[in-house]
Amino acid sequence: IILQKKKRGNRMKLKKLLVTALIGLSIFACGNKQGEKLLKEKHSESKVSTNYKNGTVIKVYDGDTVTLADNTKLRLYGIDAPEKKQEGGAYSQQLLYSKIFGKQIQYEPINIDRYGRTVAKIYYNGDYVNEYMIKSGGAWFYEEYAKNDNNLKKAFQYAQKNNIGIFKNKKAINPAFYRRSQIGRAS
């Protein structure tokens, strides 16, 4: 009985290996960058989304919100960038602008926020843009909305520890606190 279970387990491992190899060969043969990314994610996480969409960025509002050519407004998942009038706001906006403005991006919708924007994970040329924005010191990790995203959390710790971007200023104010301080003030 134990020997039969081991054989069954080995067969399952072999099947998984063969399926992975076939997917890998298909991707290699087609040269599909997005497929390569999905294959990598399949091995790093058990959950793989197939809900990716494409769009061209035509406007960058600030460091965490963009508009696509089809008028879809995207809010970058798991990050909170300084407001335009806040210290670091221009840096954050320019960082995102330089990375994806006018470019064809892929995005994975997560949900819709209270302002009707699609909250999404954004990718450009295989890079996870949300993580890039944090690691480059352009945004805070929005833990309230992305508690389980360890990549974003590690990027945030890295940027803070290494004084990158907005984190060069040890007294930099979290955008959520900044917004609360502006309530009731005239613009």
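As the structure is a computational prediction, the values presented were derived from the model and not from experiment.
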**Test side chain to side chain donor-acceptor pair (under 3.5 Å) applied to Asn148 - qualifying residues, sequence neighbours left out** = none
**Item:** Pairing residues for Asn111 by the side chain to side chain donor-acceptor pair (under 3.5 Å) criterion, not counting sequence neighbours
**Value:** none
**Item:** Partner set under side chain to side chain donor-acceptor pair (under 3.5 Å) for Asn174, not counting sequence neighbours
**Value:** none
**Message:** Asn71: which residues meet the side-chain contact (heavy atoms from CB on, under 4.5 Å) condition with it, sequence neighbours left out?
**Reply:** Thr67
For residues 156-165, please give each side-chain donor-acceptor pair under 3.5 Å, one per line with the distance, not counting sequence neighbours.
from, atom 1, to, atom 2, distance (Å)
Asn162, ND2, Tyr158, O, 2.9
Asn163, OD1, Lys170, NZ, 2.5

**Fellow cluster residues of Tyr61, listed by chain then number, with links counted only when side-chain atoms sit under 4.5 Å apart** = none
**Fill in**
Across all chains, not counting sequence neighbours, the salt bridge (charged side-chain N to carboxylate O under 4.0 Å, His left out) partners of Lys99 are Asp127
**Asked** Excluding sequence neighbours, so at least two apart, what forms salt bridge (charged side-chain N to carboxylate O under 4.0 Å, His left out) with Asp80?
**Response** Arg75, Arg179
**Asked** Excluding sequence neighbours, so at least two apart, what forms side chain to side chain donor-acceptor pair (under 3.5 Å) with Gln94?
**Response** Ser98
**Request:** Applying side-chain contact (heavy atoms from CB on, under 4.5 Å), name anything that partners Thr72, two or more places apart in sequence or on another chain.
**Result:** Leu68, Asp70, Leu74, Tyr107, Thr118
**Request:** Check whether any side-chain heavy atom of Glu87 lies under 4.5 Å from a side-chain heavy atom of Ile173, and answer yes or no.
**Result:** no
**Partner residues of Phe101 under the ring-ring contact (aromatic ring centres under 6.0 Å, His included) criterion, sequence neighbours left out** = Tyr97
**Asked** Of all residues at least two apart in sequence or in a different chain, which pass the ring-ring contact (aromatic ring centres under 6.0 Å, His included) check with Tyr77?
**Response** none
**Request:** First locate atom CG of Asp64, then atom CD of Glu83, and finally report the distance between them rounded to the nearest 0.5 Å.
**Result:** 7.0 Å
